[in-house]
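The next block holds one structure in the form of structure tokens; read it before the comments.
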Amino acid sequence: MPLVALLAIGAYVLSNLVEKQYGLLGALALGFLTVGVKTRNTACLSIGAVALVVLGQSALG
């Protein structure tokens with residue numbers, strides 16, 4: 001049980017960091033990525049991954 005709580009806290013912190021760095025679209029992309037992994041839905045997983053890559057590329061360049 002404590003491991004699950006630590007993972008939940010870590011996911012919350014990660015989502016806040018992504019939202020702070022990349023804004024609302026970054027948080028939405030991370031949400032799609034998370035839902036895609038949990039439900040094994042390749043469409044959601046792909047949308048989230050591609051959106052995070054595009055956001056990362058736009059932040060670097």
Side-chain angles (χ1 to χ4, degrees):
M1 185 71 166
L3 180 63
V4 173
L6 287 176
L7 288 175
I9 291 171
Y12 177 74
V13 169
L14 179 66
S15 68
N16 280 341
L17 288 175
V18 168
E19 187 173 358
K20 188 175 186 180
Q21 179 74 25
Y22 299 114
L24 181 61
L25 188 56
L28 186 64
L30 187 63
F32 270 114
L33 192 65
T34 304
V35 168
V37 169
K38 285 185 178 182
T39 62
R40 297 183 185 196
N41 186 340
T42 56
C44 286
L45 185 64
S46 299
I47 290 170
V50 169
L52 283 177
V53 168
V54 168
L55 285 171
Q57 290 295 324
S58 66
L60 293 176

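Counting from 1, the numbers follow the sequence of the chain as shown.
Screening I47, V37, L45 for a side-chain contact (heavy atoms from CB on, under 4.5 Å) involving F32 leaves a single residue, I47. Checking each of V35, T34, N41 against K38 for a side-chain contact (heavy atoms from CB on, under 4.5 Å) leaves exactly one that passes, namely T34.
L33 CG to L28 CG: the interatomic distance, rounded to the nearest 0.5 Å, is 11.5 Å.
Cluster partners of V54 are V50, counting Ile, Leu, Val, Met, Phe, Trp and Tyr whose side-chain heavy atoms approach within less than 4.5 Å, directly or via other members.
A51 approaches A29 most closely through the heavy-atom pair CB-CB, 3.5 Å.
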Distance-only check: which donor-acceptor pairs under 3.5 Å involve side-chain atoms of residues 11-19, not counting sequence neighbours?
from	atom 1	to	atom 2	distance (Å)
Y12	OH	N16	ND2	3.4
S15	OG	A11	O	3.4
S15	OG	Y12	O	2.8

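In terms of the side-chain contact (heavy atoms from CB on, under 4.5 Å) criterion, S46 has no residue partners (sequence neighbours excluded).
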